[in-house]
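Quick note: residue numbers are just sequence positions, from 1. In listed order, ligands and their atoms are each counted from 1.
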Amino acid sequence: MAQPTLRANGVDAELALFECLDEFHQQITQRLAVLKQLVDALGPEGASAAQRAQALDLANWFGVEARQHHLDEERHIFPALLTSADPDLSQHTLRLIQDHGWIEADWVEVSPVLRAIAEGQGWVDVESLRASVEVLCQLYLDHIALEESLAYPEARARMEPARAAALLRDIERRRQQRESREEVRA
Ligand SMILES: [Fe+2]
Ligand SMILES: [Fe+2]
């Protein structure tokens, strides 16, 4: 799957940052669809080798990349909205932060089950996993819709270019480190 492409140069910094954040949302949405397909396809015979590899990839990606995306938003996107004079905007931002907590709470139920699938363990309760994944998908899709329709446009209007460029550099540095680790493992 393609990684976000960055254009952290000068006046394009805010544009590039929010394009990058939108691309993360697309990646989250695509991986949620893969996760749902995976749990829908699991049967009593256990996971195939391909399903085990997919479970591991999803556990690793959501456990690192999605969590980091939430941290980036809480450190760099939401603070300017929380101090807004518009009470609706600050209220919606509090809800987005609370969503991150609910998503995390659901993820800590899903993650160990995915790792058990990846390891070929037989104790997995597939029905319970499907219910947790359903909740995770709904939480995430509602959350992303609110960010893209309200939080991101409002944050972009308030974002200083230097701050946008700094966050872009940080995202790019992490992407390069991840690619280096993947090359070492390959
Ligand atoms: Fe978020
Ligand atoms: Fe987000």
Indicate if the distance from the Fe ion (ligand 1) to the nearest N, O or S atom of H100 falls below 2.8 Å. yes
Among the N, O or S atoms of E73, which one sits nearest to the Fe ion (ligand 2)? OE2
Atom of E147 closest to the Fe ion (ligand 2), considering N, O or S atoms: OE1
Is the closest basic N to carboxylate O distance between D72 and R174 below 4.0 Å? yes
Could you check whether E104 and H100, counting side-chain N and O atoms only, form a donor-acceptor pair closer than 3.5 Å? no
Flag H143 as yes if one of its N/O/S atoms falls below 2.8 Å of the Fe ion (ligand 1), otherwise no. yes
Donor-acceptor contact below 3.5 Å, side chain R158 vs main chain L81: no
Would you call E134 and K36 a salt bridge, using N to O less than 4.0 angstrom? yes
The Fe ion (ligand 2) to H69: any N/O/S contact under 2.8 Å? yes
Could you check whether E172 pairs with R175 (Lys NZ or Arg NE/NH1/NH2 to Asp/Glu carboxylate O, under 4.0 Å)? yes
